[in-house]
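Below is one structure, written out as structure tokens; comments come after it.
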Amino acid sequence: MKLRELFREGRFVVTSEVGPPKGTDVTEMLANAELLRPWVDGLNITDQQSSVMRLGSLAAAHLLKERGIEPIYQLTCRDRNRIALQSDLLSAWALGIENVLCLTGDYVSLGDHPEAKPVFDLDSVSLLATAKRLNEGYDLAGNELVGKPDFCLGAVVTPGANPLEMQLIKMERKIAAGAEFFQTQAIYEPEKFARFMAEAKELKRPVIAGIILLKSAGMARFMNKNVAGVHVPEPLIEEMERAKDRVAKSIELAARLIREIRPLCQGVHIMPIGWERHVPAVLEEAGLARRR
Amino acid sequence: MLVSERKPLEEILGLLEREGRRRLFILGCNGCAAASGTGGEPEVLELKEELERAGKEVVGWKVLDFLCQKGLIRAGLRPYEKELAAAEAVLAATCGIGVQAVAAVLEEPVYPACNTISLGGVRGEWPGAERCLECGQCFLGLTAGICPLTACTKQLVNGPCGGAKEGRCEFEPDARPCGWELIYERLKKQGRLDLLRKSPPIFKDHAKMQPPKRLRQTTRWAVELEEVARR
Ligand code: SF4
Ligand code: SF4
């Protein structure tokens, strides 16, 4: 099922994500996916997030699809050139994968193989254009395909970026290249997000707001210092710091945020970062019922 | 020596017309560009004629000794203030480093007339940073004279990644500004953000990053290969 169909029906889309393991044992990843399944419309499969070498997102997406969980296949330009990216996209379609999130990818130095060759033959914009070209039945060299995919293509945007104008320009270019929907970097400030949505509305593409569960005040401070485009406001950090029950507070904060931004956007994407087990409580408290 | 070749006239005209530039000032370089047969006086005059035939007005031209030296550019262009003020764009027939140095000195939008295709020995004379990878499809006309291949760690040509924090690159933030923020700021200052906004997806051509066969077939190259083979 393509996310585009849900947006078309006017549904408020709920997605989350799972990360493939370092190694071949997929038990935990599948258990997390099963736990999230009743609550979401689809699950992102990260592509060697933060440049840490792991089992591939293509294989993992296939394993979810096999179990009837809708995968949103993340694909980055960090490790593959245009030949490999096109090939993986064709493989994905042959395996029944219908939603793809196209990303540039982190620099290799962020991960555990900093000596690796950074590829970046393509980037988010040209990858979207490439996938669209495949959808149209041709490869980048202009050769006609025997059997073509029909991917629903997504991209990312950072509402908290400074300068925001550059983000909006890139968003516009991604749309021109083929992006049908957007997922955002984690947001914590509804007012800032509202300002972004006021600008982004003109671009007329569904936006799924990114939510990262805050596990502690320390994590918030770390993100403020190190993660691009993410800002947790100080009062929120203090609220977290004062809380006796960190888990309960985290759930409360995330649910409150979702309720506040729900009228502004077309969906939410929860990034649990290890707290998959608490995602159902967040969604329940936010008033987002089970999907099935 | 940075070896360059002239961009096809249609490409230069395309760049200029996209932003409606008609009145031009042409700059040549007596260094590597003259040696490459792309930016000496004869080539500049030829380019001038081609442009005029295509309906452009060339309000002035000058061949300076080394366009990779900002001091020389400043001094050399002092007598041409009037012409520069009348020009809507500066076209630099030189290597990627020369174009960037000119763009760093002048307020006017600067366009490359050449592609830099090989580092035939020594790099240009603008010390302090690596500025050209001899990519063979010079993008400087789209990026306000800042090279996206050297200023951006990931060598992105379609805009920034999401990794910059407070204007610094996600790789070595203490040492590297985000190249795309520099490009954004300069384009914005020049009122040229539409160039970025309206650009169709750009694909790099890695085939052009290899020095072309004709360079490998020069006598100098042959002599050097011969030397290597003999040792
Ligand atoms: S875009 Fe950069 S690498 Fe390519 S020729 Fe121009 S200055 Fe050199
Ligand atoms: S942060 Fe800026 S310079 Fe660094 S890779 Fe991203 S776009 Fe390029």
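Just so we're on the same page: letters track the sequence lines, and every chain starts at 1. No experiment lies behind these values; they were computed from the predicted model shown.
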Less than 4.5 Å to any heavy atom of chain A: does that hold for the side chain of B/Glu172, its backbone, both, or neither? neither

Name the region of A/Val227, side chain, backbone, both or neither, that has any atom closer than 4.5 Å to a heavy atom of chain B. backbone

Of all the residues in residues 105-113 of chain B, which have a heavy atom that comes within less than 4.5 Å of a heavy atom in chain A? none

Where the side chain of A/Lys174 meets the backbone of A/Val156, is there a donor-acceptor pair that is under 3.5 Å apart? yes

Examine whether an atom of A/Val157 lies under 4.5 Å from a heavy atom of chain B, and if so say whether it belongs to the side chain, the backbone or both; otherwise answer neither. neither

Between chain B and each of A/Asp121, A/Thr104, A/Val108, count heavy-atom pairs under 4.5 Å; write down the option with the most. A/Asp121

State whether A/Arg205 and A/Glu172 are salt-bridged, where the test is any N-O pair (Lys NZ or Arg NE/NH1/NH2 against Asp/Glu carboxylate O) under 4.0 Å. no

Within a strict 4.5 Å, meaning less than it, do heavy atoms of the B/Leu193 and A/Ile169 side chains meet? yes

Bottom line for A/Asp106: the part with an atom under 4.5 Å from chain B's heavy atoms is both

Proximal component of A/Leu103, with respect to chain B [non-hydrogen, under 4.5 Å]: neither

Residues of residues 3-26 of chain B with any heavy atom under 4.5 Å of a heavy atom in chain A: none

Side chain, backbone, both or neither: which part of A/Arg82 has a non-hydrogen atom closer than 4.5 Å to chain B? side chain

Under the salt bridge (Lys or Arg N to Asp or Glu O under 4.0 Å) criterion, do B/Lys154 and B/Glu170 qualify, and how do the steps go? CA-CA 10 Å; B/Lys154 295 178 192 165; B/Glu170 70 180 32; 3.1 Å; yes

Side chain, backbone, both or neither: which part of B/Pro200 has a non-hydrogen atom closer than 4.5 Å to chain A? backbone

Mind checking whether A/Asp47 and A/Arg80 have side chains closer than 4.5 Å, heavy atoms only? yes

May I ask you to check whether A/Asn135 and A/Asp150 show a side-chain donor-acceptor distance below 3.5 Å? no

Are there more than 12 heavy atoms of other residues, nucleotides or ligands under 6.0 Å from atom NZ of A/Lys148? no

Check for a donor-acceptor pair, side chain of A/Ser126 on one end and backbone N or O of A/Leu122 on the other, with a separation under 3.5 Å. no

Hey, which of B/Lys198, B/Lys188, B/Gln155 has the most heavy atom pairs under 4.5 Å with chain A? B/Lys188

Do side-chain atoms of A/Thr46 reach the backbone of A/Gln49 as a donor and acceptor pair under 3.5 angstrom? no

Any donor and acceptor pair, going by atom type alone, linking the side chain of A/Asp139 with main-chain N or O of A/Gly142 inside 3.5 Å? yes

Looking just at side-chain N and O atoms, do A/Asn44 and A/Gln183 make a donor-acceptor pair shorter than 3.5 Å? yes

Taking the side chain as every heavy atom from C-beta outward, state whether B/Met209 and B/Leu133 have any pair of such atoms under 4.5 Å apart. no

Can you classify the ring geometry of A/Tyr107 versus A/Phe120 as parallel (below 30°), tilted (30 to 60°) or perpendicular (above 60°)? parallel

Taking only Lys NZ, Arg NE, NH1 and NH2, and the carboxylate oxygens of Asp or Glu, determine whether A/Arg221 and A/Glu234 approach each other closer than 4.0 Å. yes

What part of A/Lys132 gets within 4.5 angstrom of chain B, counting heavy atoms only: side chain, backbone, both, or neither? neither

Please give me the minimum heavy-atom distance between A/Gln86 and A/Leu140, naming the atom from each residue. OE1-N, 2.9 Å

Answer key: most heavy-atom pairs under 4.5 Å with chain B among A/Ala129, A/Ala228, A/Pro118 is A/Ala228

